[in-house]
Amino acid sequence: MANLQNNRRGRRKILRTVLIYFATIIAVIFFIFPIYWLIATSLKTRAQAFSTPPLFVWEPTVRNFIDIFLKRQTEIEAITGQELELATGAETFFYNSFIVTFSSIAIATVIGVLAAYSFSRYQPHGTNTLMFFILSTRMLPAIVVAIPIYFFYRSLGLYNTHIGLVLLYTMFNLPFAVWMMKSFFDEVPRDIEQAALVDGSNPIKVFYKIALPQVLVGLGATIGFLIINVWNEFLFALLLTERATRTVPVMIAGTRGEVGINWGLIAAIETLYILPALVLIFVLQRFLLRGMTFGTVRGAK
Amino acid sequence: MSLPALVFVILFIYYPLVQMFYLSAFRWNFVNPNMVFVGLENFTRMFLNDQVYLRSLLNVVLLAGQSSAIQIPIGVALATIILRYRRIGGLFWAIIFLPYVISSVAVSLIWTWMYNPYFGSINVFLRAVGLGFLARPWLGDINTALIAIFGTVNWIYIGLTTTMTIATLKSIPPSIFESARIDGLSGFQEFRKITLPLLKELIVVLMIIDIAGAFKFFDLIWVMTQGGPSDSTHVTTTWLYRAAFRSSEPGYGAAIGVTIFIFSFVIVQLLIKITRSRLTR
């Protein structure tokens with residue numbers, strides 16, 4: 001009798017495990033398929049990309065990845081029959097995205113780390129209000145400042161410049177950098193720093209000799225999340241750039257996925273474009289909770 | 001040391017914000033930059049005569065509502081599974097989180113292709129399994145465009161909801177679950193008796209975040225439909241962009257911006273009120 005019951009329970013357990021695995025597989029397919037399809041398309045010729053029924057087995061080609069950098073616009077137009085904004089090759093857009101991301105993150109990190117350290121250690125008067133104020137700026141829609149910023153940039157000559165985007169992205173990412181780095185500084189015991197200060201060490205020296213080395217991993221994680229944020233920004237890049245400074249997302253958005261365009265070429269650009277985020281998310285997995293929930297839910301630091 | 005951060009915030013947030021309130025009382029365009037003072041006319045026009053603006057507000061509400069209704073239950077279920085089956089859970093978590101971290105523009109284009117009437121994977125799939133009569137130009141059809149957008153939205157944000165839930169569930173000391181298991185509670189009982197009560201606050205927070213998020217939403221709709229067909233998929237942000245920079249009415253756009261700011265401000269205050277004790281810890 002007991003045996004029978006055990007058997008039944010065992011069978012039910014197996015059934016449940018099978019169901020959960022089945023559901024998991026369906027979910028994985030749902031989440032992965034569009035990304036798989038993008039990467040697959042980037043490895044197909046134009047004819048293969050448009051074939052019906054779609055090809056699941058084909059001889060992959062890296063032709064698209066070469067063409068987006070080496071072919072000039074006239075050649076691409078000859079192939080696709082459409083005007084495509086690849087006049088100087090995709091490297092211009094990647095270069096713009098890279099410069100803007102790198103510079104703004106460098107500035108945001110330096111200023112953000114300093115601010116986070118002072119919030120964490122010295123708790124200047126009104127620290128709570130300030131932290132809270134910095135956070136609320138992040139939660140408000142950026143588009144509400146789009147119109148004034150546009151005119152502001154036009155009149156200052158910052159429109160269509162790298163430096164203009166860099167300043168703006170620095171601003172957008174400072175709150176995150178401060179918030180995240182403060183949480184890492186808060187975790188480091190301050191005894192050593194205090195001892196050094198009592199011994200008469202220079203506070204600035206204490207900061208970069210003692211405090212900073214202890215949060216290097218956190219600094220790396222913060223920079224990783226900043227890269228994802230800036231690399232993906234679209235609205236202000238759309239608003240404030242023209243051909244010379246256009247970043248990758250604005251360029252690919254311009255194609256609007258229309259038929260007739262060579263999907264393989266756009267897919268190749270998109271694949272290269274999403275690659276950093278794909279890699280970063282697996283590297284940063286350990287910090288996901290801190291980096292993404294931003295203090296809004298319980299349990300997230 | 002925090003001074004440089006403050007300078008940036010004032011220059012790029014405060015100054016433009018004040019400026020926007022000022023601009024919303026004027027009418028001018030990019031060709032003729034003579035600013036005419038019109039008082040509150042932009043606002044009366046918006047609420048009394050602008051059908052698309054009202055529609056965009058409705059779409060924001062629909063977007064927030066469907067996000068809460070679909071993403072929260074699925075997110076909670078997935079988080080529970082991930083925490084229960086830790087061995088494959090970590091990888092699974094990273095996978096469902098992928099759509100959120102890759103560029104929203106890239107995502108929009110991928111899904112625009114998938115919804116393509118001729119070559120899109122969705123129609124191809126429907127035809128392959130004999131449901132060809134359901135195939136349609138998803139984004140071009142006024143009846144399905146918004147639903148198609150919502151599908152993509154859920155694909156992106158379920159990973160984030162799951163992550164938020166995991167953070168909350170992880171704050172529960174594991175000993176509670178252990179003693180529950182010793183007491184012989186089944187998985188479902190465990191969920192109902194321990195997990196659900198703790199999730200109540202989370203659910204409120206997530207709903208507020210969904211509403212705030214709906215007012216921030218821009219990239220996806222701008223790339224997938226630009227508000228079309230027949231302006232049926234606009235949200236407030238895309239309508240602002242269109243009014244200010246495509247229809248050359250920056251004053252009217254600024255007025256729309258003022259309303260977005262006010263709505264969002266109220267919502268964010270609500271969120272901060274709930275989470276403040278933890279934010280300023």
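Residue numbering restarts at 1 for every chain, and letters A, B, ... go by the order of the sequence lines.
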What one should report as the nearest heavy-atom pair of A:Pro34 and B:Met114 is CG-CE, 3.9 Å
Whatever's closer than 4.5 Å to a heavy atom in chain B on A:Leu238 counts as both
Turns out that what part of A:Ala267 lies under 4.5 Å from chain B's heavy atoms comes down to both
Applying a strict 4.5 Å limit to non-hydrogen atoms, the region of B:Leu17 in contact with chain A is both
Checked B:Ala212, B:Pro99, B:Ala94, B:Ala254 vs chain A; the most non-hydrogen pairs under 4.5 Å come from B:Ala94
Highest number of heavy-atom pairs under 4.5 Å with chain A among B:Phe265, B:Trp28, B:Phe217, B:Tyr22 belongs to B:Trp28
For this session: Look at atom CE of B:Met207 and say whether more than 12 heavy atoms of other residues, nucleotides or ligands are closer to it than 6.0 Å.
Result: no
Taking it one step at a time, do A:Leu280 and B:Val101 satisfy side chain to side chain contact (heavy atoms under 4.5 Å, CB included)? CA-CA 9 Å; A:Leu280 278 170; B:Val101 291; over 6 Å; no
Output for pair (B:Trp155 CH2, A:Phe33 CZ), nearest 0.5 Å, gives 11.0 Å
Counting heavy-atom pairs under 4.5 angstrom with chain A, the leader among B:Ile96, B:Thr237, B:Ile166, B:Ile156 is B:Ile96
One should read off an interatomic distance between B:Phe245 CZ and A:Leu239 CG, to the nearest 0.5 angstrom, of 4.0 Å
Taking every heavy atom of B:Gln19 against every heavy atom of A:Pro148, the minimum-distance pair comes out as CG-CB, 3.7 Å
d(B:Leu98 CG, A:Ile35 CD1) to nearest 0.5 Å is 4.5 Å
Applying a strict 4.5 Å limit to non-hydrogen atoms, the region of A:Leu275 in contact with chain B is neither
Note to self: Between A:Phe282 and B:Leu91, is the side chain to side chain contact (heavy atoms under 4.5 Å, CB included) condition met? List the steps.
What the structure shows: CA-CA 9 Å; A:Phe282 286 98; B:Leu91 181 67; 4.1 Å; yes
Using a 3.5 Å distance criterion without hydrogens, assess whether the side chain of A:Asn232 forms a donor-acceptor pair with backbone atoms of B:Ser104. no
From the list A:Val250, A:Leu278, A:Thr41, A:Val248, the residue making the most non-hydrogen contacts under 4.5 Å with chain B is A:Leu278
Whatever's closer than 4.5 Å to a heavy atom in chain A on B:Thr236 counts as neither
Scanning both residues in full, the closest heavy-atom pair of B:Lys216 with A:Leu140 reads CE-O, 4.1 Å
*asked:* With a 4.5 Å cut-off on side-chain heavy atoms, are A:Ile281 and B:Tyr100 touching?
replied: no
Return yes if some donor-acceptor pair links the side-chain N/O of A:Trp231 with the main-chain N/O of B:Ser103 below 3.5 Å, else return no.
no
dist B:Leu240:CG -> A:Ile143:CD1 (nearest 0.5 Å) comes out at 5.0 Å
Bottom line for A:Leu284: the part with an atom under 4.5 Å from chain B's heavy atoms is neither
Rounded to the nearest 0.5 Å, the OH atom of A:Tyr21 sits from the CD1 atom of B:Ile81 at a distance of 11.5 Å
Is the distance between the ring centroids of A:Phe151 and B:Phe30 under 6.0 Å? yes
Notebook entry, point to check: Do the rings of A:Phe152 and B:Tyr15 sit parallel, tilted or perpendicular, given the 30° and 60° boundaries?
Noted result: tilted
Residue set satisfying side chain to side chain contact (heavy atoms under 4.5 Å, CB included) with B:Leu126, at least two apart, ordered chain then number -> B:Ile122, B:Asn123, B:Leu131, B:Leu134, B:Trp138
Sorted by chain and number, sequence neighbours left out, side chain to side chain donor-acceptor pair (under 3.5 Å) with A:Tyr169 holds for A:Glu233
Bottom line for B:Phe261: the part with an atom under 4.5 Å from chain A's heavy atoms is both
- Message: I'd like to check B:Trp222 versus A:Leu235 (side-chain heavy atoms, cut-off strictly below 4.5 Å). Are they in contact?
- Response: no
inquiry  = Any heavy-atom pair between the side chains of B:Met20 and A:Ile147 that's under 4.5 Å?
reply    = no
Note to self: What I'd like to find out is whether the side chain of B:Pro250 reaches to under 4.5 Å of the side chain of A:Tyr150, using heavy atoms alone.
What the structure shows: no
Residues B:Ala106 and A:Ile274: closest non-hydrogen pair is CB-CG2, 3.6 Å
Here the gap from A:Tyr36 atom OH to B:Ile110 atom CD1, rounded to the nearest 0.5 Å, amounts to 13.5 Å
Turns out that what part of A:Phe30 lies under 4.5 Å from chain B's heavy atoms comes down to both
Whatever's closer than 4.5 Å to a heavy atom in chain A on B:Ile256 counts as neither
